[in-house]
Amino acid sequence: MTDLWWKSAVVYQIYPRSFADADGDGMGDLRGIIDHLDHLAGLGVDVIWLSPIYPSPQDDNGYDISDYQDIEPVFGTLEIFDELLAGVHARGMKLIMDLVVNHSSDEHKWFLESRAGKDSPKRDWYWWQPAREGLEPGTPGAEPTNWGSVFGGSAWELDEKTGEYYLHLFSKKQPDLNWENPEVRSAVYEMMNWWLDRGIDGFRMDVINMISKVVPLPDGRLTAGSLYGDGSAGFINGPRIHEFLQEMHREVFAGRDAMLTVGEMPGVTVDEAKLFTDPARGEVDMVFQFDHVWADRGDDPWLLMPLQLTNLKAIFNRWQAGLAEVGWNSLYWNNHDQPRAVSRYGDDSAAYRVASAKMLGTVLHLHRGTPYIYQGEELGMTNYPFRTIDEFRDIEALGQYAQAVDLEGRSPDEVLTVLRARGRDNARTPMQWNATAHAGFTTGTPWLAANPNYPEINAEAARADPDSVYHYYRKLADLRHTEPAVVDGDFTMLLPNHEQLYAYTRRLDNTELLVIGNFSGDSVRAEVDEAWSGADLLLTNLPEAPEDWTLAPWQAVIYKRSLG
Ligand code: NOJ
């Protein structure tokens, strides 16, 4: 039988630039991670996922890789990496790496060779195309397709030397690799095997459902007011995606034991995810879907939409039901691309920050699936109080701002309001370790300023306080490790039309769990089946248990009962 150990695992994501800086240059590094491994072991973490640590010009903070088989010197060396891996394993944890192979850096030797000339043996490793028929290269509209890049501007960059364009779905320093070319695929598999042979335990795969493109690349749909077409139908879950992932599985993972593979898949549907994660098909163990983090987004990207809890519940319910029999869910609120959940779906005011952070953790972790914690989430870290666009460092925020304000004529205030709430730099401010300067992240000048609330919100204070978010997250991890119904129980959503309460049950054999979270600042009474009176309260995030099923603001509860 396949070993599905990751069903009972808790994963913790580290964004190395922002985690801990041991040498004072203002950037996090591997030595800094080594210094803090006990913080993670103490939290009950089973697996660490490292965002990219490879050599990189850092155009997109390491998601632009110029050498897949080495370590970025700012972060350390392969020797220090081996030390880190040994430290992780010695504490009974595993380590997975970020695999970024939809694109490389434009400074990767593969791309340098590819761009050297039309007859380069590696020309076809990337997507090179001439100007649109009848148009001169470099003239408006001459790009091979009308696709916009995720970071603003066209997805095509003209290379003056050959007069051809190359495709970059992200920044122009992130050219897309051409997976149609079998040499590209075998070079990637060889690299993956090299890391696994070194002892790592799997991969998180960056935008992996974009590697198969529709050939020939088609124009995308143009909507009123937008400068570029939406090319997603040409590259999301493309025609050969399952074939490529199955080939990768055969060439890399088959025959190895106990790996974890998780594919990041923007725009993936439940039906597709079922295929991707069916163990019998040999593709990936689980996917990151985006529906629940896009729940507060409307058609207009520059309009903030308040969260409707009924909508969020409908999304989770669809995913829980869809992958109930076949496949597996990943569970997350936060990562390095999302704003802080407590500021987004909770309440980060002094009165409710801790309660709502714990409530969000409870509701998420008790679903069926593997939970992911993003650095600082276990402290209830919040969004940063950005004032001006100059405080942002993220290429996405800066690129989208330029497109929206300079080219589309949006008002700077309108755009800033959304970036403040949703911008990725909210997640990337330094990890808050203690109350000393820069949150104890660095003795130098941090590459991005620490959130000014660090004197109060930091790991040292959290570890010393038995009522902190940190110790509560530890209890959630313990529950997953000790209560089989958390891992394998069936999921049933309750109160789907309630706008304040999120409630569901998990059932395995004779054990049933009831989870309720109050997503509001009001006291709210839950209409609960009589059968639950007398059930054991396993966990709540507030000092007092609810009376008569009335949950205090942002309260969460987990009850357990035995069925006769
Ligand atoms: C998804 C990553 O999570 C994000 O940070 C990055 O910018 C893009 N993929 C491009 O690699």
Side-chain angles (χ1 to χ4, degrees), residues 11-19 28 49-68 72 96-108 111 126-127 147-153 155 157 166-177 179 188 203-211 213 231-232 235-237 241 261-268 284 286-290 292-294 330 332-340 372-375 377 392-401 403 419 422-429 447-448:
V11 185
Y12 186 98
Q13 181 192 354
I14 290 180
Y15 194 65
R17 275 175 84 94
S18 307
F19 191 65
W49 148 29
L50 283 187
S51 276
I53 53 172
Y54 316 95
S56 161
Q58 301 286 324
D59 189 52
D60 184 19
N61 293 0
Y63 282 89
D64 49 317
I65 297 169
S66 52
D67 183 349
Y68 288 109
E72 164 61 41
I96 68 172
M97 301 275 279
D98 223 303
L99 178 79
V100 188
V101 289
N102 172 70
H103 44 268
S104 72
S105 162
D106 66 336
E107 297 181 34
H108 194 291
F111 188 75
Y126 295 84
W127 293 91
W147 299 358
S149 108
V150 175
F151 296 157
E157 180 72 8
Y166 66 84
L167 175 69
H168 59 89
L169 292 180
F170 295 89
S171 101
K172 65 179 181 207
K173 289 187 65 62
Q174 294 168 298
D176 281 51
L177 281 158
W179 278 68
V188 168
F203 292 100
R204 173 270 188 186
M205 304 175 180
D206 192 68
V207 291
I208 202 70
N209 65 334
M210 298 191 184
I211 58 177
K213 272 84 173 170
S232 54
F235 56 79
I236 296 269
N237 302 331
I241 184 64
T261 57
V262 49
E264 187 208 23
M265 300 199 179
V268 69
V284 291
M286 58 192 101
V287 306
F288 289 134
Q289 57 85 18
F290 282 66
H292 66 301
V293 290
W294 289 345
S330 68
Y332 72 95
W333 289 129
N334 294 277
N335 59 42
H336 63 291
D337 295 331
Q338 300 298 330
R340 294 285 178 179
Y372 288 69
I373 301 170
Y374 176 68
Q375 67 185 44
E377 179 181 340
F392 289 86
R393 294 287 169 275
D394 175 20
I395 185 170
E396 177 177 88
L398 299 174
Q400 291 182 349
Y401 181 91
Q403 181 174 316
L419 289 179
R422 304 271 190 273
R424 308 195 296 182
D425 279 340
N426 282 304
R428 300 174 178 189
T429 60
W447 71 274
L448 184 65

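Atoms within each ligand, like the ligands themselves, are counted from 1 in listed order. Residue numbers count from 1 along this sequence.
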Can you name the residues that form a ring pair (Phe, Tyr, Trp, His ring centres under 6.0 Å) with Tyr372, not counting sequence neighbours? Phe288
Ring center gap for Phe111 and Tyr126 short of 6.0 angstrom: yes
Heavy-atom closest contact (Ala427 atom, Arg340 atom, distance): O-NH2, 3.4 Å
Quick one: ligand 1 N/O to protein N/O pairs below 3.5 Å?
unit_1	atom_1	unit_2	atom_2	d
ligand 1	3 (O)	Arg204	NH2	3.1
ligand 1	3 (O)	His336	NE2	2.8
ligand 1	3 (O)	Asp337	OD2	2.5
ligand 1	5 (O)	His336	NE2	2.9
ligand 1	5 (O)	Asp337	OD1	2.7
ligand 1	5 (O)	Asp337	OD2	3.4
ligand 1	5 (O)	Arg424	NH1	3.3
ligand 1	7 (O)	Asp60	OD1	3.3
ligand 1	7 (O)	Asp60	OD2	2.5
ligand 1	7 (O)	Arg424	NH1	3.0
ligand 1	9 (N)	Asp206	OD1	2.9
ligand 1	9 (N)	Asp206	OD2	3.1
ligand 1	11 (O)	His103	NE2	2.9
ligand 1	11 (O)	Asp206	OD2	2.7

Minimum heavy-atom separation for Val262 and Ile96, please, with both atom names. CG1-CD1, 4.3 Å
Taking the six-membered ring of Trp447 as reference, does the NZ or CZ atom of Arg393 fall below 6.0 Å from its centre and within a 45° cone about the axis? no
Can you confirm whether or not the ring centre of His168 sits under 6.0 Å from the ring centre of Phe151? no
